[in-house]
Amino acid sequence: MDAITALASDPAAWAALLTLVVMEVVLGIDNLIFISILTNKLPENMRARARAIGLSGALLMRIALLFTLSSLAALKDPVIFLFNHGFSWRDIILVAGGLFLLYKATSEINHAAEGPHGEGDNKPQAGKSLGFAAAIAQILMLDLVFSIDSILTAVGMTDHLPIMIVSVLIAVFLMFVASGPISAFINRHPSIVMLALGFLLMIGVVLVAEGFGAHIEKGYIYAAMAFAGFVEALQMFARGRAKKRAGDSH
């Protein structure tokens with residue numbers, strides 16, 4: 001208890017907490033995008049429950065990983081060697097998760113382009129054939145991949161377990177608050193859905209590359225995502241103004 005009190009009175013600890021919260025929120029964006037796209041394929045009365053279960057799973061996995069830091073460190077030890085390269089359990093999980101993201105994003109983009117019967121329906125949510133259990137299973141599987149990435153980042157930034165736990169709790173709470181509005185926004189704008197699927201494709205490639213030992217600076221990835229989002233926001237604004245002018249002319 002004294003250690004926690006001393007930590008709470010340390011300005012450096014508060015700075016580390018703030019930094020970690022920001023990092024956890026940023027790293028959770030891809031997790032949130034995936035959850036939003038997948039739950040939007042469910043009937044509307046199931047979406048909020050699916051998001052709650054998915055984010056609860058993300059929280060529990062992150063907390064569990066924090067309490068098994070010694071095992072987490074062992075995940076970096078090579079267990080198999082292929083093509084003169086050693087793959088750890090972390091690498092295997094990242095590659096598997098990346099390939100799954102590539103598959104899901106590609107199949108959703110194909111569905112958006114072709115439509116359920118090839119008629120070119122541009123909304124990936126059309127034809128909500130995904131079952132609740134299947135959606136939860138896919139969300140939890142990707143939760144594991146994103147949780148490992150998130151916790152390894154946290155471990156690299158601070159040695160204090162309470163700071164890491166509090167940062168995870170705050171970040172997941174913020175994700176939970178934002179999940180509903182983000183899902184609704186994505187559901188209303190098909191162009192945003194395609195942009196989000198493009199993000200997932202990029203994240204899938206990054207995960208596979210990192211699994212094979214190539215380090216890609218995350219800052220560049222999120223900067224590209226932010227710029228693409230800004231461009232799409234400008235396009236939405238321009239389309240809105242065009243519709244308004246067309247309405248006024250009538």
Side-chain angles (χ1 to χ4, degrees), residues 25-61 97-147 150 171-205 207 221-222 225-226 228-233 235-237 239-240:
V25 169
V26 171
L27 290 173
I29 290 173
D30 39 19
N31 202 169
L32 194 54
I33 289 173
F34 181 78
I35 290 175
S36 297
I37 289 177
L38 210 56
T39 55
N40 279 343
K41 292 178 68 65
L42 295 170
E44 191 169 353
N45 62 330
M46 294 183 179
R47 293 175 188 173
R49 185 155 58 101
R51 288 195 300 270
I53 293 175
L55 290 171
S56 298
L59 175 62
L60 292 175
M61 286 181 188
L99 291 175
F100 178 73
L101 266 186
L102 290 173
Y103 163 74
K104 285 298 296 181
T106 302
S107 63
E108 290 296 325
I109 290 173
N110 179 67
H111 181 81
E114 300 296 333
H117 302 293
E119 71 273 20
D121 178 8
N122 66 347
K123 287 192 73 174
Q125 296 90 329
K128 298 178 178 67
S129 58
L130 188 66
F132 185 82
I136 295 301
Q138 292 179 33
I139 288 171
L140 292 179
M141 186 175 77
L142 263 296
D143 277 347
L144 176 61
V145 177
F146 291 131
S147 293
S150 169
V172 174
F173 172 75
L174 293 175
M175 288 168 61
F176 185 83
V177 171
S179 63
I182 288 176
S183 294
F185 184 76
I186 287 176
N187 192 45
R188 289 195 305 268
H189 300 282
S191 60
I192 293 293
V193 178
M194 294 301 292
L195 183 64
L197 290 171
F199 291 163
L200 291 182
L201 274 178
M202 182 168 60
I203 293 164
V205 171
L207 289 177
I221 301 299
Y222 293 116
M225 290 171 63
F230 174 70
V231 172
E232 179 60 27
Q235 291 179 332
M236 290 174 63
F237 177 74
R239 288 194 295 267

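This one's a predicted model, so the numbers in the text were calculated from it and none came from an experiment.
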- prompt: What's the shortest heavy-atom distance between Leu207 and Gly97, and which atoms?
  reply: CD1-C, 4.3 Å
message: Using 0.5 Å steps for rounding, measure from the OH atom of Tyr103 to the CD atom of Glu108.
response: 9.0 Å
message: Could you report the tightest heavy-atom contact between Thr39 and Ser183, atom names first, then the distance?
response: OG1-OG, 4.2 Å
query: What residues, two or more places apart in sequence or in another chain, satisfy ring pair (Phe, Tyr, Trp, His ring centres under 6.0 Å) together with Phe185?
result: His189
- prompt: Side chains of Gln138 and Leu38: closer than 4.5 Å at any heavy-atom pair?
  reply: yes
Atom pair CE (Met175) and CD1 (Ile182), whose distance is rounded to the nearest 0.5 Å: 9.0 Å
- line: Here the gap from Leu174 atom CG to Ser179 atom OG, rounded to the nearest 0.5 Å, amounts to 11.0 Å
- request: Could you give me the CA-CA distance, side-chain angles and deciding distance for Ile139 and Ile53, then say whether side-chain contact (heavy atoms from CB on, under 4.5 Å) is met?
  value: CA-CA 9 Å; Ile139 288 171; Ile53 293 175; over 6 Å; no
For Leu99, all residues meeting side-chain contact (heavy atoms from CB on, under 4.5 Å), sequence neighbours excluded: Val95, Leu102, Val208
- prompt: Counting heavy atoms not belonging to Phe176, are there more than 12 under 6.0 Å from its CZ?
  reply: no
message: For Thr106, is there any backbone N or O sitting under 3.5 Å from a side-chain donor or acceptor partner on Asn110?
response: no
message: Using a 3.5 Å distance criterion without hydrogens, assess whether the side chain of Arg51 forms a donor-acceptor pair with backbone atoms of Ile35.
response: no
query: With Ala226, which residues qualify under side-chain contact (heavy atoms from CB on, under 4.5 Å), at least two apart?
result: none
message: Going by salt bridge (Lys or Arg N to Asp or Glu O under 4.0 Å), name the residues that satisfy it together with Arg239, two or more places apart in sequence or in a different chain.
response: Glu232
task: Taking the side chain as every heavy atom from C-beta outward, state whether Leu197 and Ile37 have any pair of such atoms under 4.5 Å apart.
output: yes
message: Could you work out, with side-chain contact (heavy atoms from CB on, under 4.5 Å) as the rule, every residue matching Met202, not counting sequence neighbours?
response: Phe199, Ile221, Met225
List the atom pairs, with distances to 0.1 Å, where a side-chain N or O of residues 140-147 and a protein N or O form a donor-acceptor pair under 3.5 Å, not counting sequence neighbours.
residue, atom, partner, partner atom, Å
Asp143, OD1, Asn31, ND2, 3.0
Asp143, OD2, Ala58, N, 3.3
Ser147, OG, Arg62, NH1, 2.9
Ser147, OG, Asp143, O, 2.6

